[in-house]
Amino acid sequence: MKPTTSPKTYRVKSFGCQMNVYDGERMAEMLGEQGITPAPEGEEADLVVLNTCHIREKAAEKVYSDIGRLTKAGREAGKEPLIAVAGCVAQAEGEEIMKRSPAVSMVVGPQAYHRLPEMLDKAVKGERATDTDMPAIAKFAALPERRRTNPASFLTVQEGCDKFCTYCVVPYTRGAEISRPYSDLVTEAKKLVDAGAKEITLLGQNVSAWSGEDEKGHGVGLAGLIRDLAKVEGLARIRYTTSHPADMDDDLIAAHGEIDKLMPFLHLPVQAGSDRVLKAMNRSHTAESYLRLLERFRAARPDLALSGDFIVGFPGETDAEFEETLALVDEVKYAQAFSFKYSPRPGTPAATMEGQVAKEVMDERLQRLQAALNRDQLAFNEASVGKTCEVLVERKGKHAGQWLGKSPWLQSVWFEGDAQIGDLVQAELVEAGPKSLAGKLRETVAA
Ligand code: SAM
Ligand code: SF4
């Protein structure tokens with residue numbers, strides 16, 4: 001039976017990108033303001049928000065299996081939870097979800113989740129509601145103030161995308177590019193720092209396209225925003241993601257050489273190494289222009305760690321074209337990267353292109369690409385051994401007395417000793433693994 005009284009506990013489950021993590025935190029804050037508390041670990045929640053991702057087919061399918069599992073568990077327990085589907089699947093398949101899953105009471109798109117409390121009131125009365133409006137910016141103004149956070153926090157500064165890469169659903173699910181106002185961002189960053197944040201990652205689907213006006217009315221880009229946020233006392237580290245090569249300007253490159261708080265890390269997706277494929281993807285850069293851009297970043301910040309995104313098996317990609325991706329990887333030597341098999345997304349131009357690549361071919365290409373990327377990640381980590389660097393402690397490790405944090409180059413570092421979450425410690429990196437490093441505590445810089 002569905003509950004007919006207001007839920008007492010909630011669980012927000014976020015899939016996909018960091019922007020969803022941010023949205024998930026904001027929804028949790030909103031539910032907290034309604035007096036609903038997080039469900040204790042291991043207990044079923046009265047309200048479950050599935051904050052979904054639509055970027056690849058596998059990610060989108062997860063939502064339906066989750067709904068099935070929740071409904072079954074609820075029936076067995078004699079109390080079904082209220083289910084809200086949020087995020088990009090909600091935006092893209094709102095009506096379809098309502099038809100396919102009667103157990104879902106609320107469907108709310110990524111630009112409308114500030115209306116979740118109103119929808120919840122209706123859901124308790126047994127009404128089902130869908131809200132996939134895309135009002136620019138309204139959402140942020142309607143959300144409660146930031147009161148809780150993690151030492152490493154996210155701050156969404158920009159949403160949506162106008163790039164229309166031919167494989168990507170983001171321009172359809174998140175809408176056109178919008179930048180949040182400068183003053184709102186400075187205020188939110190200060191609140192996050194007051195709540196304990198030491199590091200802030202500025203988020204956007206296309207974060208380098210952020211633009212705004214500072215308090216003097218001067219136009220500023222992302223670099224200007226970073227410069228001003230670097231003045232916030234108590235904020236030790238700034239990062240940003242995800243950027244598009246077409247929007248990386250001279251000021252942002254210079255910022256990497258000038259602002260100590262801007263961490264030496266750049267996530268800059270390239271997707272493929274073949275110019276023909278890049279053109280078919282509508283990426284507006286070539287392999288060569290991407291490599292030259294990286295050279296300029298590395299000149300500004302020689303210890304910059306690089307990260308990227310890759311898609312293998314884009315329609316029409318030949319073996320020789322895939323080899324060009326491997327050649328680019330060999331040249332860049334990424335510190336870490338994300339790589340995916342092409343997934344046709346309904347409504348995107350690439351989904352109906354000729355030359356869809358067979359699954360086995362994609363599997364083999366992905367394996368080869370990931371072997372190369374893993375090799376380079378391990379080499380990068382091994383080259384860090386012997387360095388003493390600052391680590392921001394983010395959580396406890398698996399064993400008693402063990403801590404986990406991040407180096408300036410976004411490597412996971414674990415160490416043992418006297419520390420607490422939120423500390424900035426100096427650690428010597430003593431042993432490298434493929435995905436993390438072991439450190440030895442030197443001294444605590446700030447609590
Ligand atoms: N805005 C970023 C950019 O410029 O690349 C990233 C956005 S997207 C959330 C993250 C990554 O998912 C992309 O960089 C791409 O590698 C991957 N991706 C997007 N659409 C995909 C698709 N249809 N199939 C496989 N991977 C995809
Ligand atoms: Fe998608 Fe990124 Fe391309 Fe925008 S720039 S369409 S978000 S892959």
Visitor: Could you check whether any side-chain N or O of Lys139 sits under 3.5 Å from a backbone N or O of Pro110, counting only pairs where one atom can act as donor and the other as acceptor?
Guide: yes

Visitor: For the residue pair Gln370 / Ser339, report whether a side-chain donor-acceptor contact shorter than 3.5 Å exists.
Guide: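 Result is yes, a qualifying pair exists.
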
Visitor: List the atom of Met30, the atom of Leu143, and the distance in Å for their closest heavy-atom pair.
Guide: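 Nearest pair, atom of Met30 first, then Leu143: SD-CD2, 3.5 Å.
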
Visitor: On the 0 to 90° scale, with breaks at 30° and 60°, tag the Phe140-Tyr22 ring pair as parallel, tilted or perpendicular.
Guide: tilted

Visitor: Do Asp247 and Ser208 pair up side chain to side chain, a donor and an acceptor below 3.5 Å, judged on atom types alone?
Guide: no

Visitor: Between Gln336 and His267, is there a side-chain donor-acceptor contact under 3.5 Å, judged purely by atom types and distance?
Guide: no

Visitor: Side-chain contact test, heavy atoms from C-beta onward, threshold under 4.5 Å: evaluate it for Gln205 versus Met19 and give yes or no.
Guide: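 Yes, close enough: below the 4.5 Å cut-off.
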
Visitor: Any salt bridge linking Glu428 with Lys440? Criterion: basic side-chain nitrogen under 4.0 Å from a carboxylate oxygen.
Guide: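 No.
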
Visitor: Is it the case that the side chain of Arg298 and the backbone of Asp303 share a donor-acceptor pair, with hydrogens and angles ignored and the cut-off at 3.5 Å?
Guide: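 Not a single qualifying donor-acceptor pair exists.
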
Visitor: Rounded to the nearest 0.5 Å, how far apart are CG of Asp309 and OH of Tyr334?
Guide: 9.5 Å

Visitor: Would a 4.5 Å heavy-atom cut-off, applied to side chains only, mark Ser153 and Leu155 as touching?
Guide: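 When only atoms from C-beta onward are counted, Leu155 and Ser153 do not touch, as no gap falls below 4.5 Å.
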
Visitor: Taking Gln356 for the side chain and Met353 for the main chain, is one N or O donor matched with an acceptor at less than 3.5 Å?
Guide: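 Checking the backbone N and O of Met353 against the side chain of Gln356, a donor-acceptor pair under 3.5 Å is found.
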
Visitor: Tell me, do Leu410 and Arg239 make a side-chain contact under 4.5 Å, heavy atoms counted?
Guide: yes

Visitor: Any side-chain heavy-atom pair from Leu203 and Thr156 closer than 4.5 angstrom?
Guide: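 In short, these two side chains touch, coming nearer than 4.5 Å.
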
Visitor: Give a yes or no on whether Lys190 atom NZ has more than 12 heavy-atom contacts from other residues, nucleotides or ligands under 6.0 Å away.
Guide: no

Visitor: Output yes when a side-chain donor or acceptor of Ser101 lies under 3.5 Å from a complementary backbone atom of Val104, and no otherwise.
Guide: no

Visitor: Should Asp330 and Arg375 count as an ion pair when the cut-off is N to O under 4.0 Å?
Guide: yes

Visitor: Might you point out which heavy atoms bring Asn381 and Leu437 nearest each other, and give the distance in Å?
Guide: O-CD2, 3.3 Å

Visitor: Can we say Glu159 and Arg180 salt-bridge, meaning some charged N sits less than 4.0 Å from an Asp/Glu carboxylate O?
Guide: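 Judged by the 4.0 Å cut-off on N to carboxylate O distance, Glu159 and Arg180 do not form a salt bridge.
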
Visitor: What are the two closest heavy atoms between Val48 and Pro81, and how far apart are they?
Guide: CG2-CB, 4.1 Å

Visitor: Would you find a donor on one side and an acceptor on the other, under 3.5 Å apart, between the side chain of Ser179 and the backbone of Ser211?
Guide: yes

Visitor: Measuring only between side-chain heavy atoms, which start at C-beta, is Arg345 closer than 4.5 Å to His54?
Guide: yes

Visitor: Would a distance-only check, ignoring hydrogens and angles, find a side-chain to backbone donor-acceptor pair under 3.5 Å from Ser274 to Arg276?
Guide: yes

Visitor: Is any side-chain heavy atom of Met248 closer than 4.5 Å to one of Ser243?
Guide: yes

Visitor: Where is the tightest heavy-atom contact between Glu25 and Asn150, given as atom of each residue plus distance?
Guide: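 Residues Glu25 and Asn150, closest heavy atoms: OE2-ND2, 3.6 Å.
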
Visitor: Is it true that Asp228 and Lys231 have a side-chain N and a carboxylate O under 4.0 angstrom from each other?
Guide: yes

Visitor: With a cut-off of under 6.0 Å to the ring centre and 45° to the axis, is Lys387 in cation-pi contact with Trp409?
Guide: yes

Visitor: Would you find a donor on one side and an acceptor on the other, under 3.5 Å apart, between the side chain of Arg283 and the backbone of Thr166?
Guide: no

Visitor: Just by distance, with hydrogens left out, do Ser407 and Glu390 show a side-chain donor and acceptor under 3.5 Å apart?
Guide: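 Note: Ser407 and Glu390 side chains miss the donor-acceptor criterion.
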
Visitor: Is Arg227 paired with Asp251 through a side-chain N to carboxylate O contact shorter than 4.0 Å?
Guide: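 Salt bridge between Asp251 and Arg227, a charged N being under 4.0 Å from a carboxylate O: yes.
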
Visitor: Between Phe322 and Phe310, does a ring pair (Phe, Tyr, Trp, His ring centres under 6.0 Å) hold up when you go through it step by step?
Guide: CA-CA 11 Å; Phe322 171 64; Phe310 295 87; 9.8 Å; no

Visitor: Rounded to the nearest 0.5 Å, what's the gap from SG on Cys168 to CE on Met281? Could you check?
Guide: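 That separation rounds to 10.5 Å.
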
Visitor: Please give me the minimum heavy-atom distance between Tyr113 and Val108, naming the atom from each residue.
Guide: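 Closest approach of Tyr113 to Val108, heavy atoms only: CA-CG2, 3.5 Å.
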
Visitor: Using the ring pair (Phe, Tyr, Trp, His ring centres under 6.0 Å) rule, collect all pairs that involve residues 369-389, keeping only residues at least two apart or in two chains.
Guide: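 Residue pairs passing ring pair (Phe, Tyr, Trp, His ring centres under 6.0 Å), neighbours aside: none found.
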
Visitor: Looking at CD of Glu295 and CG of Leu291, how far apart are the two atoms once the value is rounded to the nearest 0.5 Å?
Guide: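 So the gap between those two atoms works out to 7.5 Å.
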
Visitor: Please state whether the rings of Tyr182 and Trp210 are parallel, tilted or perpendicular, taking 30° and 60° as the class boundaries.
Guide: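 Plane angle between 30° and 60°, so tilted.
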
Visitor: Taking the side chain as C-beta and beyond, is there a heavy-atom pair between Leu229 and Leu202 under 4.5 Å?
Guide: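 Yes. Closest side-chain heavy atoms under 4.5 Å.
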
Visitor: Taking Asp46's backbone N and O only, do any of them form a donor-acceptor pair with Thr9's side chain (distance below 3.5 Å, no angle check)?
Guide: yes

Visitor: Using modelled atom types only, decide if a donor and an acceptor are shared between the side chain of Glu61 and the backbone of Glu57 within a distance under 3.5 Å.
Guide: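 No.
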
Visitor: Report yes or no: does Gln158 contribute a side-chain atom to a donor-acceptor pair with the main-chain N or O of Asn206 at less than 3.5 Å?
Guide: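 Looks like yes, one N/O pair under 3.5 Å.
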
Visitor: Could you tell me whether the side chain of Leu306 reaches within less than 4.5 Å of the side chain of Leu294, counting heavy atoms only?
Guide: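 A side-chain contact under 4.5 Å exists here.
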
Visitor: If we ignore angles and hydrogens, is there a donor and acceptor under 3.5 Å between the side chains of Gln271 and Tyr167?
Guide: yes

Visitor: Output the distance between atom CZ (Arg301) and atom CG (Leu266), rounded to the nearest 0.5 Å.
Guide: 12.0 Å

Visitor: What's the shortest heavy-atom distance between Trp403 and Gly417, and which atoms?
Guide: NE1-O, 3.0 Å

Visitor: Would you call Arg26-Asp23 a salt bridge at under 4.0 Å N-O?
Guide: no

